[in-house]
Amino acid sequence: TMKFQLTQANVQVRHTDATTGVAWLANGDFMSVSDDHTVKAWNETLEDAQEVVKMDAEWYPTCMAAATSDAAKRSAGASFVVGSNDGKFRIVSRNGRVEKTVEAHLGAITSLRWRSDGQGFLTAGEDGLVKTWSRSGMLRTTLVKLTLPIYAACWDGSNENVAHTAGKNVFIKPMQPTAKAETWKAHEGVVLCIDWSSKNNTIITGGEDRKYKVWDSYGRLLYSSSTDASPITSCSWAPSGLVFAVGSFNTLRLCDSSGWLHAMDKPSVGSPYQLTWNADGTRVAAACARGDVLVAKLVERTVSNGKFTVTQTGESKLMATSVVDGVEEDLEFRDSIVHTALSHGYLLVVTSTQCFVYPEGNWSLPSVLDIQSAVTCVVQANEHFVLADATGKLMVYSYNCRLVSSPKLGGSISDRFNSSTITLSDDTLVVIDHKNAKAFHVFDVQSGKEVGKPHVHSLEVSAVLVDQRGPTLDRHLAFIDKNRDLFIAQVRRTTIVPEKIATMVHNAMWHQSIHAIATLQEDKVLFWLYPSCAFTDQDLVAQTKCEPALTTSLGKAPTLVSFDSTLCTIRRADGATVVVSLPPYILMLQQLATSLDWQAATRIARFIDTPTAWSCLAVMATKAKELDTAETAYAALNAIDKVQFLQGIKQIPTVEGRNAELALFSGQAKEAASILQQAGLTYRLIDMYCTLYDWDSALETAIRHKTHVDTVLGRRARYLESLGSQETKAKFSQLAGSVEVDWDNINAKIEQEMESERQRPGAKPYA
């Protein structure tokens, strides 16, 4: 499992009093500040330090901060800010010159945080105030005024909200004055530290009750630790959002994003007062109560795909191990490793300057890609992968490192790119909008151009997932919104119309090789064996899901790790993994449907003989326009009305007529109308509108084509007669006096239309 490799400052050069703050500067330097009134710059090994600033004896530093992201570095430069017990902060240059001193608070400054874009910072103090400042130290707003001291505060990823503590509570204060603030009780004791991940939009807190907790941005508890021996004094998210660090007395923890513990170290340094990660997330620095400075490197990061396991053994070293025969291969790189990803048959290794692509098992001949800016996110698909960099750019590459496209996302924020906000298939890239979380953009992978306009959902979208199989025009997107509802949409259609298929979903994942979704809902896992049935037969959505039996409880806040073959791997909140089996027949059914072997698929359904198997076969056959198989499946489900409807469709002589009726069967009335219009089947279009009681459209079509006006009027009259109602539509009343309704004439015209349709080229009944 992942762990820290600790480096402790040389005793001869460490601070002589408590270290109260640490910061990584824009140029990569590492600084610390202490109650001994000094600011020191450290070398990489912490063997030597240079005294940068000697401060006045009457003030004591309480915290420090510097801009770390690429965007922030360009704005803020190589300077840092130091807060002190007298309520003042000092902006200090790298060479130690105090550029500005500002009186900010009455009482000590307890927290300093830069915006992610480097355009300013916030301060919080014992006077109960939170203030925001420009990067030059000019006051912008006094955001919060409370009577309790505020010990910690931080920005969200968009810099539009500030989270802060006060007593036992956590508050989220929007920057917009009219927006409503959120608050909730977080701990049984005073909350001492807080951090908000810009990647996964979750919050960690630590308190005097000796617990650390993970929350979503709406204040819903995702994880609560067991009680520690000492108060939690510091916490900090890694830039990747995959892990976070937690400090307490003589203890440093490395935790997964869901809360469970990766590793715990016990250095004799007292309590870490501040934890700060470097820009690439490979190291975290700690300011400790006994004057020590710690740097903890992430090592033994592991990725696996069932065939190979790749483990980081050093800052720039990996070991690839075959699961089958145990053969090991060492991989060494020039620069420190930032990201590793192993999926779809390829290993991606991203360093600070290059990206290496290894075909699975071939560790000697990688394709190499030079990187212009630091990579913040990597997402893989079958034939392509996408890199998001610190400048907010998206770049799609093939696995031979050829640039395929560079989709342009307006207003992109590099910190917001992660595996929940970006999803990729071989032909489609979907990204959640960074300015409006209710919207997502669909891009064509080959051209990099956006497909249509962004789709705007009714609520904020928290995660997007695109399926990996099937033709481009049948590409499906699953997304989860703020209410934890799961929707599915056909994203390559002109108009995106999502259908809700599940509620209370906190995690979902597409199967890697078939059209199926695994979801985690409360304390259970569900398999949706053919989710696109929402666009074919809504009645069967519930019947195409199954709930596997669990041999152990999933606990609270489990996460999906992988979903391939017949196995679904789930990680519980305590770090343990649970493997659940997918019914193997669904793989065989979908593979046979893809190869159009419907007889074999029917035999499998008969052998399994469950409503779920027959429902999956019915939907797959209907979607493929295989009416005989669909009729057999619906008959097995005792859906007599649908069997009769399918039998009627089979009697229609034209392909276009049958396709229109199947679209209508699936609830796609607009698509059915479009098919009939393009085929010139005017009477069938009018008949469809009448059947749907869309009388206005029926009359409009009849008038436009100058045919069957009397048919529409006659059917409308019979409909009103059956209801015992009078005509209320003015246009129908007006035409009723001038158009004769003669049913003998109408029936003759209908028969003539049917005969004309039978005589069309290629027309023949379904066989």
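Both backbone and side-chain heavy atoms feed into the values below; hydrogens, waters and symmetry mates do not.
- For residues 729-738, the set of pairs meeting the side chain to side chain donor-acceptor pair (under 3.5 Å) definition, not counting sequence neighbours, comprises Asp696-Lys729.
- Proximity of a side-chain donor or acceptor of Asp742 to a complementary backbone N or O of Asp744 within less than 3.5 Å is detected.
- Looking only at side-chain heavy atoms (C-beta outward), Tyr689 and Asp687 stay at 4.5 Å or farther from each other.
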Task: Stepwise side-chain hydrogen bond (donor to acceptor under 3.5 Å, both in side chains) check, Thr559 with Asn507 - done: CA-CA 6 Å; Thr559 55; Asn507 204 207; 5.1 Å; no
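- Using a 4.0 Å cut-off between a side-chain N of Lys or Arg and a carboxylate O of Asp or Glu, Lys650 and Glu626 do not qualify as a salt bridge.
- Using a 4.0 Å cut-off between charged nitrogen and carboxylate oxygen, Asp216 and Arg484 count as a salt-bridge pair.
- Side-chain atoms of Gln677 do not come within 3.5 Å of backbone N or O of Leu685 as any donor-acceptor pair.
- Considering only residues two or more places apart in sequence or on other chains, Glu721 meets the side chain to side chain contact (heavy atoms under 4.5 Å, CB included) condition with none of them.
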- [ ] Could you check Arg704 against Glu700 for salt bridge (charged side-chain N to carboxylate O under 4.0 Å, His left out), going step by step and ending with a plain yes or no?
- [x] CA-CA 6 Å; Arg704 185 172 68 250; Glu700 179 189 344; 3.7 Å; yes
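- Put simply, the side chain of Leu699 reaches to within 4.5 Å of the side chain of Phe732, judged on heavy atoms.
- By the side chain to side chain donor-acceptor pair (under 3.5 Å) test, Ser420 is found to be paired with no residue, residues two or more places apart in sequence or in another chain being considered.
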- [ ] List the steps, then state whether salt bridge (charged side-chain N to carboxylate O under 4.0 Å, His left out) holds for Glu727 with Arg716.
- [x] CA-CA 9 Å; Glu727 183 60 72; Arg716 167 77 174 171; 2.9 Å; yes
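- No side-chain heavy atom of Leu520 sits under 4.5 Å from any side-chain heavy atom of Val505.
- Applying the side chain to side chain contact (heavy atoms under 4.5 Å, CB included) rule to Ala381 yields the partners Leu424, Asp426, Gln468; only residues at least two apart in sequence or on another chain are considered.
- Within the 4.5 Å cutoff, no side-chain heavy atoms of Leu465 are placed close to those of Ile517.
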- [ ] Dump the intermediate steps for side-chain hydrogen bond (donor to acceptor under 3.5 Å, both in side chains) on Gln651 and Gln647, then the final yes or no.
- [x] CA-CA 7 Å; Gln651 302 306 312; Gln647 289 175 342; over 6 Å; no
Open item on the list: side-chain hydrogen bond (donor to acceptor under 3.5 Å, both in side chains) for Trp528 and Thr544? Distances and angles first, verdict last.
Closed with: CA-CA 6 Å; Trp528 304 83; Thr544 56; over 6 Å; no
Identify every side-chain donor-acceptor pair in residues 439-448 under 3.5 Å, counting partners at least two apart or on other chains, and give the distances.
unit_1 : atom_1 : unit_2 : atom_2 : d
His441 : ND1    : Glu450 : OE2    : 2.8
His441 : NE2    : Asp433 : OD2    : 2.6
Asp444 : OD1    : Arg492 : NH2    : 3.0
Asp444 : OD2    : Gln446 : N      : 3.3
Asp444 : OD2    : Ser447 : N      : 3.0
Asp444 : OD2    : Ser447 : OG     : 3.1
Ser447 : OG     : Lys449 : N      : 3.2

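- Between Tyr683 and His708, the two ring planes are tilted [angle within 30° to 60°].
- At least one side-chain heavy atom of His506 sits less than 4.5 Å from a side-chain heavy atom of Pro558.
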- [ ] For Arg684 and Glu753, run salt bridge (charged side-chain N to carboxylate O under 4.0 Å, His left out): C-alpha distance rounded to whole Å, both residues' side-chain angles, the deciding distance at 0.1 Å, then the answer.
- [x] CA-CA 9 Å; Arg684 281 204 174 273; Glu753 293 279 5; over 6 Å; no
Please tabulate, one pair per line, all N/O donor-acceptor pairs under 3.5 Å involving side-chain atoms of residues 595-608, not counting sequence neighbours.
unit_1 : atom_1 : unit_2 : atom_2 : d
Ser595 : OG     : Gln591 : O      : 3.2
Ser595 : OG     : Leu592 : O      : 3.1
Asp597 : OD1    : Ala600 : N      : 3.3
Thr602 : OG1    : Trp598 : O      : 2.8

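- Other residues, nucleotides and ligands place no more than 12 heavy atoms under 6.0 Å from the OH atom of Tyr693.
- Residues meeting the side chain to side chain donor-acceptor pair (under 3.5 Å) test with Ser674, sequence neighbours left out: Gln678.
- With contacts defined as side-chain heavy-atom distances shorter than 4.5 Å, the pair His515/Tyr530 qualifies.
- Side-chain atoms of Val580 and Pro548, non-hydrogen and from C-beta on, do get closer than 4.5 Å to each other.
- Glu755 CD: more than 12 foreign heavy atoms inside a 6.0 Å radius.
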Open item on the list: Using side chain to side chain contact (heavy atoms under 4.5 Å, CB included), reason through Arg416 and Ser158 one step at a time and then give a plain yes or no.
Closed with: CA-CA 8 Å; Arg416 303 298 292 272; Ser158 65; 3.2 Å; yes
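- To the nearest 0.5 Å, the span separating SG on Cys568 from CG on Leu582 amounts to 8.5 Å.
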Show me the side-chain donor-acceptor pairs of residues 469-480 shorter than 3.5 Å, one per line, residues at least two apart or across chains.
unit_1 : atom_1 : unit_2 : atom_2 : d
Arg469 : NE     : Gln512 : O      : 3.0
Arg469 : NH2    : Gln512 : O      : 3.3
Thr472 : OG1    : Asp427 : OD2    : 3.0
Asp474 : OD1    : Lys623 : NZ     : 3.2
Asp474 : OD2    : Lys623 : NZ     : 2.7
Arg475 : NE     : Ser425 : OG     : 3.3
Arg475 : NE     : Asp427 : OD1    : 3.0
Arg475 : NH1    : Asp467 : OD1    : 3.2
Arg475 : NH1    : Arg469 : O      : 2.7
Arg475 : NH2    : Asp427 : OD2    : 2.7
Arg475 : NH2    : Gly470 : O      : 3.0
His476 : ND1    : Asp474 : O      : 2.8

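- Phe385 and Tyr397 have parallel rings, their planes meeting at less than 30° on a 0 to 90° scale where 60° marks the start of perpendicular.
- Both tests pass for Arg718 against the ring of Trp743: distance under 6.0 Å to the centre and angle within 45° of the axis.
- Sorted by first and then second residue, the salt bridge (charged side-chain N to carboxylate O under 4.0 Å, His left out) pairs with a member in residues 634-644 read Asp537-Lys642, Asp539-Lys642; sequence neighbours excluded.
- Within the structure, ring pair (Phe, Tyr, Trp, His ring centres under 6.0 Å) contacts touching residues 637-669 (residues at least two apart or in different chains) are Tyr634-Phe665, Phe645-Phe665.
- Counting heavy atoms from C-beta on, the side chains of Leu681 and Arg760 come closer than 4.5 Å.
- Interatomic distance, OG of Ser412 versus NE2 of His434, reported as 6.5 Å (0.5 Å rounding).
- Residues that satisfy the side chain to side chain donor-acceptor pair (under 3.5 Å) test with Thr202, not counting sequence neighbours, are Asn200.
- Evaluation of the side chain to side chain donor-acceptor pair (under 3.5 Å) rule for Glu656 yields no partner, not counting sequence neighbours.
- Below 30°, between 30° and 60°, or above 60°: for Phe563 and His511 the angle between ring planes is above 60°, a perpendicular geometry.
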- [ ] Take Lys749 and Asp710 through the test side chain to side chain contact (heavy atoms under 4.5 Å, CB included) and record every step on the way to the result.
- [x] CA-CA 10 Å; Lys749 283 198 298 182; Asp710 54 346; 2.9 Å; yes
